[in-house]
Amino acid sequence: MEERLTDVDPPDAELLRRHVAGDPDAFGQLFLRHKDRLWAVALRTVGDQDEAADALQEAMISAFRRAGDFRGQSAVTTWLHRIVVNAAVDRLRRRPVRSVNWSGDEEALDALAARGPGGSGLSGEGTGPAGSGGESADEVETRLDVDAALRMLPPQQRAALVLVDMLGYPVADVAEILGISAGTVKSRCARGRARLLPYLSHLRDQSGDASDTLSPGLSPNEGNRPASGNVSSGREGGA
Amino acid sequence: MNGHPRHPGTEALAEFRAGVIDGTRGEQVAAHVAACPQCASVSERLGEVTTALASIPAPTMPRDLEARIASALAAEAARRDPAAVESASPDLTAASVGAVPSSEGSPGGVSPVPRPVTTPSPATARRRSRRRPAWQRSVTAPLGVFAAAAAYLVLAFVGYWLSGPGHQAAPSVASGGPAHAGQHNPAGQPGAHRLTPPLTPAIGGPASSSFVVQVAATNFSKSTLQAQVRQQLTPGSGESGGSRALPSRSLVACVMHVTGDRTPKLVEEARYQSQPAYVIAVPDHAWVVARGCTPAHPEMLTSVALASGR
């Protein structure tokens, strides 16, 4: 690699500026710098590895072309994340809706988990899913279970939970990425967690704590919307 | 609310935990959870959902996907500006045209750009090697010289013809074609000896370029660029109050590079989005470049079609 006279690590905004000014390499550098985070967003949101790859590529090309519209009112990474999330959510929306009657049956949940091996997406590295990262069998199973459970979420709730709970972004950053208020981010996360609860409660049971298996039917009182226990209630519109 | 506390739903408990239920309602939920073991358990499990989600390790991008996307981006870059991509790569045969070789040893004021670790897709590599290889350039450049020389000759003779009585030489020179331009020097044509081979293969030629620079205080903006340039190109619109200047060698090189060797209709030293810039226009297209524009680093800020709009 040849030595260059200028700074080796120009900030994101500078790379984007160069890209807009015609530098043919600058956007590629930006991509390489943030590829892992953006891949994590795409993969966890879309679930399926191949579809996530397609969505991410579409997003990067779209960002390349639209870079001239970036006004610098947010961080470049925020802008990139937004484009990737939108592409990922679009992918999710193209899929047919899965609605499952959740009976609280442990076997049913195992079947759900078993559904996901090839395209489960939670392997992430592109290698075999089981134990590839030095994980214990339990950890692998957890991953598969979570992936199966995530499939039950409406796209907007899934995107919010991926960003907040899985990837650990602060709510304020996620609000900026998604272009919504912090309160809406929290609401989407809350509803998503509530919806996931019956799918994941078996994890706790496995660890030996014998407290009640949460019956999915905590009755929806107080005029709230139906609790997450009844998964076949169909998709929420705006989530 | 009165009397017997009813269980909030799981969703309400989740919302309460997330902090989106406040006020009186929030107090009620808080009071209920404190008093109800079942709901307290649900609330705790909701926290475990977050823990379970957070426990999944973040993936890293697979190598093959990284290469695939990097290639796609390189292809986009080539599609956007094939000449810039070419000139940015020192391993191309750019030297025969005298172009400034990429980013090494660049002149002051133009920052070299680090080379990324990406590999161009096979399609891009073929395109780069196919486009204007050296042998082609050495053949086409002199043809360009002759064509330009013929154009100058025609213009010079027309000018002479218009200024004086005798105009017998013009048709014969014009019909002589490029092949004769370099050799045919009709006697008695005072204008002929002033002609020099106008464009050598080297970029940046003599300063006898075919354009002058309008220097103006105009501020172009992205949304109105197209309209503003069209208006400037309209005959008779004449920017009053501006001055004219001869372009520097590097500006000539920049303009010719940007326009693809087409003579510009307008080159204006002005501002774009309040930044100093040059606005360059041919009849059907306009570009805006920064002041430091060179063929190797055009510093293009934007470009827009003029004919029918984007």
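Computed over heavy atoms, backbone and side chain alike; hydrogens, waters and symmetry mates excluded. Numbered from 1 within each chain, the chains take letters A, B, ... in sequence-line order.
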State, to 0.1 Å, how close [X] and [Y] come at their nearest heavy-atom pair, and which atoms those are.
X	Y	result
Ala70(B)	Phe31(A)	N-CE2, 4.0 Å
Pro57(B)	Arg44(A)	O-NH2, 2.6 Å
Ala52(B)	Val146(A)	O-CG2, 4.5 Å
Lys35(A)	Met61(B)	O-CE, 3.5 Å
Met60(A)	Leu73(B)	O-CD2, 3.9 Å

Inset, instruction - Name the region of Arg80(B), side chain, backbone, both or neither, that has any atom closer than 4.5 Å to a heavy atom of chain A. - result: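 Side chain only.
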
Legend entry - Under 4.5 Å from any heavy atom of chain A - which part of Ala54(B):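 Its backbone and side chain both get close to chain A.
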
Out of [options], which one racks up the most heavy-atom pairs below 4.5 Å with chain B?
options	answer
Gln57(A), Arg65(A), Lys186(A)	Gln57(A)
Asp165(A), Leu38(A), Val162(A)	Asp165(A)
Ala190(A), Gly183(A), Gly168(A), Ala42(A)	Ala190(A)
Leu167(A), Val20(A), Val164(A)	Val20(A)

Rounded distance [0.5 Å steps], [atom1] in [X] versus [atom2] in [Y]:
X	Y	atom1	atom2	answer
Glu11(B)	Arg193(A)	CD	CZ	12.0 Å
Leu196(A)	Thr10(B)	CG	OG1	12.0 Å
Ile69(B)	Glu58(A)	CD1	CD	10.5 Å
Ser62(A)	Glu76(B)	OG	CD	10.0 Å

Legend entry - Worked check of side-chain contact (heavy atoms from CB on, under 4.5 Å) between Glu48(B) and Leu200(A): CA-CA 9 Å; Glu48(B) 286 163 10; Leu200(A) 299 179; over 6 Å; no

Inset, instruction - Output, in order, the C-alpha distance, side-chain angles, deciding distance and verdict of side-chain contact (heavy atoms from CB on, under 4.5 Å) for Glu15(B) and Arg191(A). - result: CA-CA 7 Å; Glu15(B) 286 173 331; Arg191(A) 290 184 209 139; 3.6 Å; yes

Inset, instruction - Report the option among Leu65(B), Leu301(B), Asp64(B) that has the most heavy-atom pairs separated by less than 4.5 Å from atoms of chain A. - result: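 Answer, by heavy-atom pair count under 4.5 Å with chain A: Leu65(B).
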
Under 4.5 Å between any side-chain heavy atoms of [X] and [Y], yes or no?
X	Y	answer
Leu32(A)	Glu66(B)	yes
Arg79(B)	Phe64(A)	no
Met166(A)	Ile56(B)	yes

Legend entry - Region of Asp69(A) that comes under 4.5 Å of a non-hydrogen atom in chain B: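 Just the side chain, heavy atoms under 4.5 Å.
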
Inset, instruction - Could you give me the CA-CA distance, side-chain angles and deciding distance for Asp36(A) and Thr60(B), then say whether side-chain hydrogen bond (donor to acceptor under 3.5 Å, both in side chains) is met? - result: CA-CA 5 Å; Asp36(A) 286 328; Thr60(B) 53; 5.0 Å; no

